[in-house]
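Since the structure comes first, as structure tokens, the remarks are kept for the end.
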Amino acid sequence: MNKHPCRVLAALVLLVLLAGCGGSASAQDQPKLILRYAENQPENYPTTRAARYFAELVEQRTQGNIRVRVYADGELGDESSVLEQVQFGGIDIARTSLGAMVVKCPDLSVLQLPYLYEDSDQMWRVLDGDIGASFLTVTRRDGIVGLSWFDAGARSFYTCEPIQTLGDFKGLRIRVQENETIGEIVKALGAIPEQIAYNDVYSAIMSGKVDGAENNWPSYASTGHYEGAPYVYLDEHTRVPEMQIMSTVAVDAVIAVNPDYYTILCQCAKESALYERELWAETEEKAREEMLEKGVVVTVPTEADAAEMRQLMAVIYENLTEEELEIVNKIRES
């Protein structure tokens with residue numbers, strides 16, 4: 001039996017007071033705004049890791065007043081669904097492919113033209129300069145603000161049967177993103193474009209619904225597409241960057257908390273983009289090596305086929321407006 005009931009009572013009172021103080025401090029630590037970030041790639045993918053880095057930077061630099069919750073692996077929906085939700089403020093921030101963005105904002109389509117850049121260095125000179133900055137703002141009228149550019153490498157074709165010459169493309173059903181330009185690239189080769197959602201491509205390849213697709217090395221490896229389409233035709237027909245985007249509804253919400261926070265958030269987006277590019281370079285090389293180890297067969301186009309391919313793509317440039325041609329000329333002079 002306890003001989004000091006007063007001490008016990010005092011201890012209990014102290015615990016209650018401490019708990020009360022703890023509850024008060026916890027309430028003060030709550031963020032003033034929580035933003036939802038949608039990402040359709042798995043956890044260890046470069047864009048997902050960059051998204052989480054972005055979230056860390058935002059929390060640190062707003063002293064915890066704004067927090068970003070990243071939902072990876074398509075948890076909030078496919079790209080098309082996510083874009084619609086971003087437009088109307090249902091999702092605050094997302095990383096999306098330019099191919100998907102073009103459906104909402106056709107002005108961006110010029111950036112995914114085939115053989116637009118000589119190499120990746122030229123692409124980053126363009127996107128990190130005035131041209132890239134102007135393209136980040138053209139989406140605002142659609143309820144979306146562009147924050148920064150992510151790397152997504154060069155895209156090449158991969159098929160269920162080997163492609164030795166350009167003539168082998170004729171009649172093949174090739175999965176493409178849901179936008180017109182990539183479809184035109186496939187048509188120029190005599191193949192048939194099939195618009196299929198990203199998450200459904202694996203089953204389409206394995207079931208024979210399509211004869212192949214086109215994408216970059218990390219996507220090809222992480223999705224398992226190589227299991228049904230082990231032949232890569234390394235033509236690198238496009239270098240299509242990706243975008244970090246934000247709903248204008250979310251922009252207004254951030255500014256309402258503190259006008260300076262939006263500037264901070266934009267800077268965090270740019271820093272996370274530089275981080276993503278480093279991760280991308282490492283992941284791309286690792287994915288290429290992994291695919292070769294798994295027996296993927298790579299065919300590099302001959303100089304003659306590469307020249308013919310560029311010539312076939314010229315028809316796409318013939319359909320550009322004067323304004324688009326002016327942008328293309330500025331890019332090629334960069």
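None of these values were measured; they are calculated from a predicted model. The chain is numbered in sequence order, starting from 1. Excluded from the calculations below are hydrogen atoms, water molecules and symmetry mates; all remaining heavy atoms, backbone and side chain alike, are included.
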Heavy-atom pair with the smallest gap, counting every atom of [X] and [Y]:
X	Y	value
Ser148	Ala269	OG-O, 3.2 Å
Glu236	Ser156	N-OG, 2.9 Å
Ala306	Pro301	N-CB, 4.3 Å
Leu111	Trp149	CD1-CH2, 3.7 Å
Asn44	Arg49	O-CD, 3.4 Å
Gln177	Ser97	NE2-OG, 3.1 Å

Hey, is [X] close enough to [Y] for a salt bridge, meaning N to O under 4.0 Å?
X	Y	result
Glu289	Lys286	no
Arg175	Glu194	no
Arg288	Glu285	yes
Lys104	Asp142	no

Neighbour count above 12 (heavy atom, 6.0 Å) for [X] [atom1]:
X	atom1	answer
Asp119	CG	yes
Glu227	CD	yes
Arg332	CZ	yes

Determine yes or no for a side-chain-to-main-chain donor-acceptor pair under 3.5 angstrom, with [X] supplying the side chain and [Y] the backbone.
X	Y	answer
Ser334	Arg125	no
Arg67	Lys32	no
Gln122	Ile331	yes
Ser81	Gly77	no
Tyr275	Lys270	no
Glu59	Glu56	no

[X]-[Y] side chain donor-acceptor pair, cut-off 3.5 Å:
X	Y	result
Gln244	Tyr37	yes
Asn65	Tyr261	yes
Asp200	Ser203	no
Thr47	Gln41	no

Interatomic distance, [X] atom [atom1] to [Y] atom [atom2] [nearest 0.5 angstrom]:
X	Y	atom1	atom2	answer
Arg239	Leu127	CZ	CG	11.5 Å
Asp260	Arg61	CG	CZ	14.0 Å
Ile264	Leu57	CD1	CG	11.0 Å
Tyr233	Glu214	OH	CD	14.5 Å
Leu147	Met246	CG	CE	6.5 Å
Ile316	Ile182	CD1	CD1	8.5 Å

Query raised in the report: How far apart are the C-alpha atoms of Asp252 and Tyr262, what are their side-chain angles, what is the distance that settles it, and do they pass the side chain to side chain contact (heavy atoms under 4.5 Å, CB included) test?
Result: CA-CA 9 Å; Asp252 292 340; Tyr262 178 59; over 6 Å; no
Quick one: are [X] and [Y] in side-chain contact, heavy atoms under 4.5 Å?
X	Y	answer
Asp211	Thr159	no
Leu83	Thr96	yes
Pro241	Phe150	no

Query raised in the report: Side-chain heavy atoms under 4.5 angstrom apart, residues restricted to Ile, Leu, Val, Met, Phe, Trp, Tyr: same cluster for Tyr198 and Val102?
Result: no
Query raised in the report: Hey, any chance Val240 and Ile174 share a hydrophobic cluster, counting ILVMFWY side chains that come within less than 4.5 Å of each other, even indirectly?
Result: yes
Requested in this report: Take Asp151 and Arg277 through the salt bridge (Lys or Arg N to Asp or Glu O under 4.0 Å) test and state the conclusion after the steps.
Outcome: CA-CA 6 Å; Asp151 198 358; Arg277 294 178 201 177; over 6 Å; no
Query raised in the report: Can we call the ring centroids of Phe157 and Phe169 under 6.0 Å apart?
Result: yes
Query raised in the report: Can you check side chain to side chain contact (heavy atoms under 4.5 Å, CB included) on Val254 and Ile66, steps first, answer last?
Result: CA-CA 8 Å; Val254 169; Ile66 295 181; 3.8 Å; yes
Query raised in the report: What do the steps show when you test Leu113 against Ile185 for side chain to side chain contact (heavy atoms under 4.5 Å, CB included), and what is the final call?
Result: CA-CA 9 Å; Leu113 287 167; Ile185 291 174; over 6 Å; no
Query raised in the report: ring-ring contact (aromatic ring centres under 6.0 Å, His included) between His237 and Tyr115: does it pass, once the steps are laid out?
Result: CA-CA 6 Å; His237 48 273; Tyr115 304 112; 7.3 Å; no
Report task. Determine, stepwise, if the pair Met291 / Trp217 fulfils side chain to side chain contact (heavy atoms under 4.5 Å, CB included). Result -> CA-CA 8 Å; Met291 291 298 92; Trp217 279 113; 3.7 Å; yes
